[in-house]
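Worksheet: the structure to be examined is printed underneath.
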Amino acid sequence: MTERGSLFFIMASPVRLFGTMMPVLVALLLVIIANLPISFTGGLLPAPALALVAIYFWGLNRPRLMPPFAVLAIGLAEDLLSGGPPGLWATGFLAAYILVDRQRKTFTELNGAGTLIAFTGAMLLASGAAYLLASAIYLRFVPLPPLLLESVLTVLLYPLLDRPMNWADRSITRLLRNTG
Amino acid sequence: MAGSGWKWARGRGAKQLPLILCLVIAVATAIAGRAQASIFDRARAALSDWTAPALSGLKAPLTTVQNWIAGFGSVFTVYSENAELKRENTELHKWQQVALSLEDRLRSYQQLLNAVPDEKTHFITARVIGESSRPFVKTMILNAGSTEQVAKGQAVVNERGLLGRIYVSGQTTSWVILLTDLNSRVPVVIEPSHRRAILVGDNTPSPQLELDVGDGPVKSGDRVLTTGDGGLLPPDVPVGLVNGNGDGARVALFASPSSADAVNILDYRVPDLPQAAELLPATSTQQTSSAKPAVPVAVPAPPAPRIAPRAPDTADIPEEQDR
């Protein structure tokens, strides 16, 4: 099927369209949840970068449903809602996506602690890219501990989000199979 | 991990083009956003205006839960806290008498010198409906915007002291850049040495002092107040206490954003300088209060300047003006 034909096929069925867009919608939902301007810890802990979990998961398992332009849009949404400089997390998420894209074969074969280590690598790469870009923009090295704390929180939350992600992925499979 | 999977150059040619293009767009957005953030700021303001009712609704029960949790912890220390409060109260009564007599004496000196009376600083009381604590930004969202004449650059205080400044003002909401934020630069004066300094936020709870003018000693426990230089912030608003000595000392802030529920936005105007709000379209009502002030804030009245305020220059204008 050609690209044009496949696009028409997706657009023709709203259910299929929903299934196709689900990874991006879930990532955007996680952006909203992470950036709810309410702190449960009184500002003591930074909010985790939850959207990276969705980008990592579907970037690894269904790259067609999580294309680079979607990652860019999710990153810009994160920047917009977090109140920070635009483009920082967009760059960070894309850096992590590049890692996933390059190491898909290796990462797909991992399970358990291996998956967590791979995600930690993606998180550190995203944070590192955002950190370097922020330091370049502000013309000084920005404090590292808050970013490390955010990375640690995100990695700790990954196992909790992995199960709902798998469930959503199975739902996507069912939706696409039933409509196709 | 040097297996066959770890190959960085695969040469997929055109397939990599979208990825590279997206990365270029992201980096370009970051650079362009630093130079001209107004598009993003407008989008943020519109978004917070749109979601303000939901945020207010979410914030109320959460505040109740937070207060309950905080209250539960203090049950075990209530006796010692009560004793401490009684002792502090007695001491404060003594200081109140001293302050009243000094105020009296100051008034009589001002009358003797025929001094220009202090101007009152108008303020708008707003409720905090959101806060964001991210590695690159520390902000609060307030439920007052340009409709209530809130404008970019206005100081935000609570009953303890300065919290930050408005950096984005929507129609019904506004975003505050906190003193701890990476972008915050506030001109301050240190008492009793009268050293001028710039208070630089670095996303840690205690911002840093960059000493600027004067040569008096700076030591732990000195008071830090706003200077009013540049005519953007009112002078003499309490900021915090110096923690450390000399250049690079940090400031323990009086006002904590996490405990701020209702805040005051100071509508400070320097004579002969146009007020920030006047530059915005006049569509609002005067002195609107959207929330009851938790505690009446004693807003320090700015002394009328005898000379025209210095023209703002890049050295003492906080950077967030251009954010």
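Everything quoted here is computed from the prediction, not taken from an experiment. Each chain gets a letter, A, B and so on, in the order the sequences are listed, and its residues count up from 1. Just so it is clear, the values below take in all heavy atoms, side chains as well, and ignore hydrogens, waters and symmetry mates.
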Point to revise | Toward chain B, the part of A/Ala129 with a non-hydrogen atom under 4.5 Å | key: neither

Revision key, fill the gap. Bottom line for A/Pro48: the part with an atom under 4.5 Å from chain B's heavy atoms is backbone

**Study point:** Pick from A/Leu148, A/Leu94, A/Leu144 with the largest number of heavy-atom pairs that fall under 4.5 Å of chain B
**Key:** A/Leu94

**Study point:** Region of B/Leu47 in contact with chain A, defined by heavy-atom distances below 4.5 Å
**Key:** side chain

Point to revise | Proximal component of A/Ile137, with respect to chain B [non-hydrogen, under 4.5 Å] | key: both

Exercise for review: Say whether, by atom type as modelled, one donor and one acceptor occur between the side chain of B/Asn158 and the main chain of B/Gly161 under 3.5 angstrom.
Suggested key: yes

Revision key, fill the gap. Pair count under 4.5 Å, heavy atoms only, with chain A: among B/Ala30, B/Ala28, B/Ser48, highest is B/Ala30

Point to revise | Rounded distance (nearest 0.5 Å) linking atom OH of A/Tyr131 with atom CG of A/Leu124 | key: 13.5 Å

Check your understanding: Of the backbone (N, CA, C, O) and the side chain (C-beta and beyond), which part of A/Tyr97 lies under 4.5 Å from a heavy atom of chain B, both, or neither?
Key -> side chain

Exercise for review: Go through the side-chain N and O atoms of A/Ser82 and A/Trp89 and say whether any donor and acceptor fall under 3.5 Å apart.
Suggested key: no

Check your understanding: By salt bridge (Lys or Arg N to Asp or Glu O under 4.0 Å), which residues pair with B/Asp202, not counting sequence neighbours?
Key -> B/Arg250

Review point. Where along residues 150-162 of chain A does a heavy atom come under 4.5 Å of chain B, listed by residue number?
Key: A/Glu150

Point to revise | A/Met22 and A/Leu65: CA distance, side-chain angles, deciding distance, side chain to side chain contact (heavy atoms under 4.5 Å, CB included) verdict | key: CA-CA 8 Å; A/Met22 202 192 231; A/Leu65 302 187; over 6 Å; no

